[in-house]
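Here the structure comes first, spelled out in structure tokens, and everything after it is commentary.
Quick note on labels: first sequence line is chain A, next is B, and so on, each numbered from 1.
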Amino acid sequence: MSVNNRHVLSVLVENQAGVLSRVSGLFSRRGYNIDSLSVGVTEDPAISRMTIVVKGDRYILEQIKKQLNKLIDVIKVIDLDKDKSVFRELMLIKVNARENSRASIIEIVDIFRASVVDVSNETLTVEMTGDEDKIEAFISLMKPYGIREIVRTGLTALERGSKEIKSYKKYGEED
Amino acid sequence: MLKAAEAIVRFLVEEGVDTVFGYPGGYIVHVYEALRKSDIRHILVRQESAAAHSANGYARVSGKTGVCIATSGPGATNLITGIATAYMDSIPLVVLTGQVPSSMIGRDVFQEADITGATESFTKHNYLVKDASQLPRIFREAFHIASTGRPGPVLIDLPHDIQAEDIPCNYPETVQITGYKPTVKGHAGQIKRALKAIAESERPLILAGGGVNLSRAHAELLTFSEKSGIPVVHTLMGKGAFPSNHAHYVGMIGTHGFSYANEAVRMADLMVFIGARIADRTAGGTQILPENMSIVHIDVDPAEIGKIVGTQVPLVGDLGQILKKMNEKIKRKDTSAWLETLGTMKTEETYKTGSLVNPKKAIRVLSGKLNDTAIMVADVGQNQFWTARHFDDLPGRKFMTSGGMGTMGYGIPAAVGAKIAAPERQVVAVTGDGGFQMSIFELGTIAANNIDLKMVLFNNSHLGMVREIQKRVFGQTGHIALEKNPNFVMLASAYGIKGVRVTSDDELEAAFDQALGHKGPFLVECVVDPDESTL
Ligand SMILES: Cc1ncc(C[n+]2csc(CCOP(=O)(O)OP(=O)(O)O)c2C)c(N)n1
């Protein structure tokens with residue numbers, strides 16, 4: 001196993017004030033590195049779901065899972081299997097687009113199945129979703145035109161198939 | 001409908017709380033008014049940190065959750081050291097703090113402090129109450145969380161206006177917290193693996209930690225050791241987990257433990273950690289090396305297993321329950337040769353007499369005079385290890401100290417809490433002259449409540465443990481001295497507390513006899529050579 005593997009954790013938490021601070025505080029306090037963290041409410045309005053991308057070896061990952069599970073507001077933590085999950089991120093990107101370059105940008109946008117959401121005299125704003133590779137590829141193609149701004153949601157992810165996060169046991173739960 | 005502050009006091013009564021330690025202020029007055037009208041005993045400390053330490057001592061002796069209370073802002077922040085101290089030693093506390101009115105939160109108004117934010121990393125959980133109707137659930141949850149699984153402090157921050165609202169006062173009978181279900185029963189398969197590992201070992205050794213004391217699994221541990229034949233070492237926090245007069249008892253390990261006990265760990269081919277988190281101060285003295293030994297680790301907190309050292313057999317759950325199950329199946333091992341080896345390694349302590357008091361001998365003498373149920377509270381520093389190493393924790397007795405945080409000033413207020421929890425037991429607090437002065441204001445609390453507590457103060461006019469480190473590492477002495485120490489006996493006397501000053505070993509017997517014979521608080525100041533070593 002490589003030393004600093006990337007892992008995508010899916011975390012169910014109580015939808016309550018202070019939860020985000022507790023989770024992010026835990027990472028900074030214990031020196032774990034977060035690549036991205038996204039959070040939103042789930043099918044149950046009382047519960048939110050976080051997708052946290054972390055780097056670490058097996059020991060760090062074990063510790064992160066155990067420490068997260070110790071938080072009272074954390075309901076469940078799973079480590080998503082890369083081959084069995086769908087990963088998506090949303091990006092808004094504003095690029096320089098004068099008359100001479102607009103058409104070629106739109107061509108790339110179409111190839112990536114992204115969409116133009118705003119146009120000005122000088123710029124185009126593009127919305128796109130995809131996994132990280134697709135987003136990185138798009139960014140590199142936009143670089144020559146001049147990128148003004150990028151905003152990304154961070155990765156979100158869901159397991160493929162009919163299995164739900166709720167069917168997983170809580171860490172240490174008796175079987 | 002009932003005023004929230006009064007409902008809160010009812011919840012406390014409902015939870016079996018008979019004593020709270022605290023200090024009032026403007027934004028907690030509603031709760032104080034309700035307390036005044038109740039049967040709950042309120043002990044007014046002289047500084048809030050002492051409220052948390054006293055609640056801590058109270059919890060450790062009574063087995064119940066300790067409760068302390070303070071006002072917003074500086075009252076709450078003064079509690080912080082006490083909360084962190086309780087957190088590091090897994091002591092169940094419910095901490096109540098006043099807060100500025102809800103509508104003013106976030107505006108940096110007078111005496112506003114974000115205490116839930118500040119204590120996030122050293123409370124087991126905390127609540128900022130935003131809706132008074134949630135108070136019954138929050139209190140029920142707080143006491144449940146504090147006292148179950150791995151215990152710890154839980155803080156409830158109570159905005160001023162919330163305390164005065166009217167709420168329905170039905171206290172829930174059960175708790176439903178989706179994300180909190182501590183594992184109690186041990187995994188049957190893992191228990192089997194643990195038993196197998198023990199059966200295959202030649203020189204097994206039990207390491208008992210503070211978890212045994214917290215979960216009161218003494219009887220189960222004793223049976224486990226006796227049925228299996230396995231000898232026992234313990235950590236500082238595990239002192240008292242196993243009877244020191246037992247043939248299987250080896251001693252305390254760690255950086256300040258006994259070298260023969262640390263040596264025993266190095267010789268073992270299997271360790272059974274029981275309620276010990278293998279903190280650096282434990283592992284440091286022994287160099288516990290998983291590559292040289294098998295490790296079975298039993299703890300209620302899965303996050304402690306494998307955190308410091310790798311483990312072959314992790315076993316999560318309540319120590320008492322797991323040991324009980326293991327005791328049904330465990331087979332007697334022939335450990336006679338192993339026990340004999342360990343027996344020959346043990347060294348008898350000899351006590352030299354110098355021109356001043358030998359603190360090790362003082363503890364030995366005192367230990368011999370205390371009765372079978374005495375409680376010994378050690379502060380932090382050299383005095384802590386003089387006490388831990390030379391106080392004989394016979395079964396029925398109790399030893400307490402701030403192990404995880406090493407908080408100076410813990411000893412006196414913790415002993416106050418201990419005495420209030422068990423008025424019938426002898427309680428002694430041992431401190432250095434530094435730690436004594438960190439909680440010196442509690443002489444006021446002791447005097448006002450006539451707490452029958454015996455204080456032993458080892459006065460070396462220095463921060464002894466720091467001086468020892470400075471001398472060892474930098475070869476330098478006398479850099480930091482506690483200059484202009486007061487006349488401690490006179491100071492106690494100013495509070496109406498009796499005391500004697502002892503300057504040689506010859507006077508120890510008489511001084512301790514006088515202290516223990518006296519009804520009420522008593523101070524024995526022992527003058528100690530600053531060059532006295534910890535070990
Ligand atoms: C609140 C706090 N501040 C500082 C320390 C660091 N410290 C550890 S031991 C020690 C010296 C304690 O001196 P004293 O109370 O006189 O006890 P002695 O070591 O002399 O027995 C100090 C300063 C501490 N543990 N706690």
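Atom NZ in A:Lys66 sits 6.5 Å away from atom CD1 in B:Ile305 (nearest 0.5 Å). With rounding to the nearest 0.5 angstrom, the OG1 atom of B:Thr178 is 10.0 Å from the CG atom of A:Leu12. Put simply, CZ on A:Arg22 and OG1 on B:Thr123 are 7.0 Å apart, with the number rounded to the nearest 0.5 Å. Interatomic distance, A:Ile72 CD1 to B:Ile145 CD1, rounded to the nearest 0.5 Å: 4.0 Å.
The shortest heavy-atom contact between B:Glu120 and A:Gly25 is OE1-CA, 4.2 Å. Shown here for A:Gln67 and B:Ala303, the closest heavy-atom pair between the two residues is NE2-CB, 3.7 Å.
Residue B:Lys329 places its NZ atom among 12 or fewer non-hydrogen atoms of other residues, nucleotides or ligands, all under 6.0 Å distant. Within 6.0 Å of atom CG in A:Asp81, more than 12 heavy atoms from other residues, nucleotides or ligands are found, so the atom counts as buried in its surroundings. A 6.0 Å sphere centred on CZ of B:Arg281 holds no more than 12 heavy atoms belonging to other residues, nucleotides or ligands. More than 12 heavy atoms of other residues, nucleotides or ligands shown are found within 6.0 angstrom of NZ on A:Lys134. For A:Lys94, the NZ atom sits in a loose shell: 12 or fewer heavy atoms of surrounding residues, nucleotides or ligands are nearer than 6.0 Å.
For chain A, the nearby part of B:Asp301 is the side chain; its heavy atoms alone come within less than 4.5 Å. Interface residue A:Arg29: only side-chain heavy atoms are found under 4.5 Å from chain B.
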*Test side-chain contact (heavy atoms from CB on, under 4.5 Å) on A:Lys70 and B:Arg150 and set out the steps.*
CA-CA 10 Å; A:Lys70 273 177 77 165; B:Arg150 179 179 182 174; 3.7 Å; yes
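The backbone N or O of B:Gly306 sits nowhere less than 3.5 Å from a side-chain atom of A:Tyr59 that would complete a donor-acceptor pair.
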